[in-house]
Amino acid sequence: MLQILKLGGSVITEKGRLATAKKDVIERLAREIASARKEKEFQLVLVNGVGSFGHIPVKEYGLKNGMKDRKTRKGFAKVHKYVEDLNRIIWDSLEREGLIAVPVHPLSFILQDDWKIVKFETDVIEGFLKQNVIPMLYGDMVLDLKQGCSIISGDDIVPYLSQKLDVDRIIMGTNTDGIFDKDPNLFPDARPIPEISNENYKKVLDGISGSTETDVTGGMKEKVRKLIERTGGTICVIYNAEKEGLTKKALLGERVGTILSIS
Ligand code: IP8
């Protein structure tokens, strides 16, 4: 059984404060992953969003329009350094919990053309999985054939991997209780949707709002749209990773948040 767990940038970082990790939350998540793996055997790919380690410096260096001069080249390297720092914090926490994981840095092997993946070999990731080592990927800056560089979001990596590998479940740890019929931050009467299927997904997409200001890769609406369009029928769970215990439950296959099953 192979699962992909994506930890959202809003869960593991202070989104408004440059390169600030929520270390206690990361420690707790590592504990939950380790505890789930003790109770059940499964292979795991871990993907993390980058929050304030990526979205703030991407804006500061104007990297959304690519890499073309010294400032943007410097920014490209700087952003990668930040996101690697965050990944290292997660790695250290996993190690403390006895989990064997290794980073697979997107910048080193993924190529894009106009923000679309054109090269992304998965044999190394598959090799680690066979060794029962957890490969860790994350949102990153990568080379782009059209504009020098572009962003790859964890939300692009997850569906891509789900198509390439034989993934049983995608688990998306966010900072909300799943998907709501309308924006819960704006409408107090918003209700969580337990299941999104072929029947209701268009209506659901219309109700979700887009990105916040600092989220350069699109927020919840983009996340759900990418999952619906690109995961080819793999079951996805979108749940609240800020709530203690739910990550473990999700990994053990217990019902949490919203389940997305589109065929
Ligand atoms: O937080 C974005 O990744 P995400 C990556 O997974 C950068 O959307 C560099 C902003």
Side-chain angles (χ1 to χ4, degrees), residues 1-11 15 42 44-51 55 112 114-117 120 122 137 139 151-213 215-243 246-247 249-263:
M1 160 125 193
L2 171 58
Q3 313 200 82
I4 300 181
L5 173 63
K6 154 97 198 285
L7 297 174
S10 321
V11 178
K15 266 207 140 173
F42 58 87
L44 182 66
V45 177
L46 192 65
V47 179
N48 73 267
V50 298
H55 296 269
Q112 300 204 121
D114 203 12
W115 288 67
K116 289 196 183 59
I117 297 169
F120 184 161
T122 54
L137 291 91
I151 298 165
I152 185 159
S153 167
D155 294 336
D156 297 312
I157 292 174
V158 169
Y160 185 88
L161 283 180
S162 88
Q163 286 187 341
K164 288 275 171 170
L165 313 177
D166 199 8
V167 173
D168 296 286
R169 268 152 58 88
I170 296 170
I171 300 169
M172 306 288 289
T174 68
N175 63 347
T176 62
D177 294 332
I179 307 296
F180 287 73
D181 56 354
K182 43 193 161 180
D183 188 340
N185 298 314
L186 303 177
F187 302 95
D189 62 335
R191 281 176 313 169
I193 303 166
E195 187 154 349
I196 303 176
S197 61
N198 289 30
E199 280 75 54
N200 64 351
Y201 80 88
K202 286 207 177 92
K203 199 164 160 247
V204 170
L205 267 185
D206 285 346
I208 309 172
S209 29
S211 67
T212 59
E213 249 213 75
D215 193 329
V216 288
T217 49
M220 187 59 95
K221 192 172 189 122
E222 271 307 287
K223 187 190 307 298
V224 176
R225 195 185 58 73
K226 284 171 188 170
L227 288 171
I228 288 173
E229 286 173 3
R230 304 188 202 157
T231 49
T234 310
I235 299 279
C236 304
V237 178
I238 300 165
Y239 75 102
N240 194 338
E242 286 184 339
K243 294 198 172 157
L246 294 196
T247 298
K249 280 193 173 158
L251 288 168
L252 292 177
E254 289 174 35
R255 194 156 187 137
V256 289
T258 301
I259 301 209
L260 211 119
S261 58
I262 311 273
S263 50

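- The OG1 atom of Thr122 sits 10.5 Å away from the CG atom of Leu137 when rounded to the nearest 0.5 Å.
- Taking CZ of Arg169 as the start and CD1 of Ile259 as the end, the distance is 6.5 Å to the nearest 0.5 Å.
- A distance of 8.0 Å separates CG in Asn175 from NZ in Lys15, rounded to the nearest 0.5 Å.
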(request) Apply the test side-chain contact (heavy atoms from CB on, under 4.5 Å) to residues Lys6 and Ile157: give CA-CA distance (whole Å), side-chain angles for both, the deciding distance (0.1 Å), then the verdict. (result) CA-CA 10 Å; Lys6 154 97 198 285; Ile157 292 174; over 6 Å; no
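- Checked by atom type, the side-chain pair Ser197/Glu195 shows no donor-acceptor distance below 3.5 Å.
- Here the closest heavy-atom approach between residue Thr234 and residue Thr231 is recorded as OG1-O, 2.9 Å.
- Closest heavy-atom contact between Gln112 and Ile117: OE1-CG1, 3.5 Å.
- Tyr239 pairs in a side-chain contact (heavy atoms from CB on, under 4.5 Å) with only one of the listed residues (Val256, Thr176, Thr174), which is Val256.
- With rounding to the nearest 0.5 angstrom, the CD1 atom of Ile4 is 10.0 Å from the CG atom of Asp168.
- Side-chain contact check for Glu222 versus Asp155: every heavy-atom pair is 4.5 Å or farther apart.
- Atom OG1 of Thr247 and atom CD of Glu242 lie 10.5 Å apart (nearest 0.5 Å).
- With rounding to the nearest 0.5 Å, the separation of CD1 in Ile228 from NZ in Lys226 is 13.0 Å.
- Checked for salt-bridge contact, Arg230 and Asp156 meet the test: a charged N lies under 4.0 Å from a carboxylate O.
- Residues Thr258 and Ile179 come closest through the heavy atom pair OG1-N, 2.8 Å.
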